[in-house]
Amino acid sequence: MSDRDIFPCPICRVGEIATLPLMEAMACQFCNHIFTPDLEKQQLQMADREPPLVWRWNGKNWTEAQLKDVEMGWGYALGAIAIVVLPTCLIGITVYARPPVYGSPLSWFPVFWTGLTFLLHLGIIIWLIIEFYEFPLWAYLIRKLQSIFR
Ligand SMILES: [Zn+2]
């Protein structure tokens with residue numbers, strides 16, 4: 001982390017972070033987040049978030065973000081899977097046990113409802129992950145669209 005002074009941004013993955021003039025901190029020119037580098041530990045810490053996210057430089061990329069002093073246990077992953085799978089299974093089992101009369105109007109609805117339940121609960125989890133990492137989704141999408149239509 002010492003042989004160069006510009007790095008890819010670990011949050012938006014679009015911009016680059018560089019040292020701010022006369023300061024220890026580094027900032028991304030695209031998403032404007034501020035970081036404090038720790039050259040000794042080869043780490044980068046997000047300065048404008050509490051508790052801060054920490055990345056480690058492996059020579060090429062930033063490793064997966066970790067919350068400083070917080071263990072992200074398996075409980076969170078299991079909880080996320082349960083939120084998506086359980087409601088979908090409940091509705092799916094009901095549809096399977098009491099199927100609609102074939103050919104009747106709205107007979108497509110229970111299956112559609114099961115799919116919608118899955119997609120919406122998955123959406124909640126994805127939204128939570130985006131919020132957690134403060135990923136600038138709209139800025140990222142706009143930048144991607146701009147690069148496609150240029
Ligand atoms: Zn950025």
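In listed order, ligands and their atoms are each counted from 1.
Listed by chain and number, the protein N, O or S atoms at a distance under 2.8 Å from the Zn ion (ligand 1) are Cys9 SG, Cys12 SG, Cys28 SG, Cys31 SG.
Remark: Arg143 is not positioned above the aromatic ring of Phe149, lacking an NZ or CZ atom under 6.0 angstrom from the ring centre and at most 45 degrees off the axis.
Between the side chain of Trp57 and the backbone N or O of Phe7 there is no donor-acceptor pair closer than 3.5 Å.
In this structure Tyr140 satisfies the ring-ring contact (aromatic ring centres under 6.0 Å, His included) test together with Phe135, sequence neighbours excluded. Partners of Arg13 under the salt bridge (charged side-chain N to carboxylate O under 4.0 Å, His left out) rule, at least two apart in sequence or in another chain, do not exist in this structure.
The list of side-chain hydrogen bond (donor to acceptor under 3.5 Å, both in side chains) pairs with a residue in residues 22-36, not counting sequence neighbours, reads His33-Asp48.
For the pair Cys28 and Gly15, the tightest heavy-atom approach, listed with the atom from each and the gap, is SG-CA, 4.0 Å.
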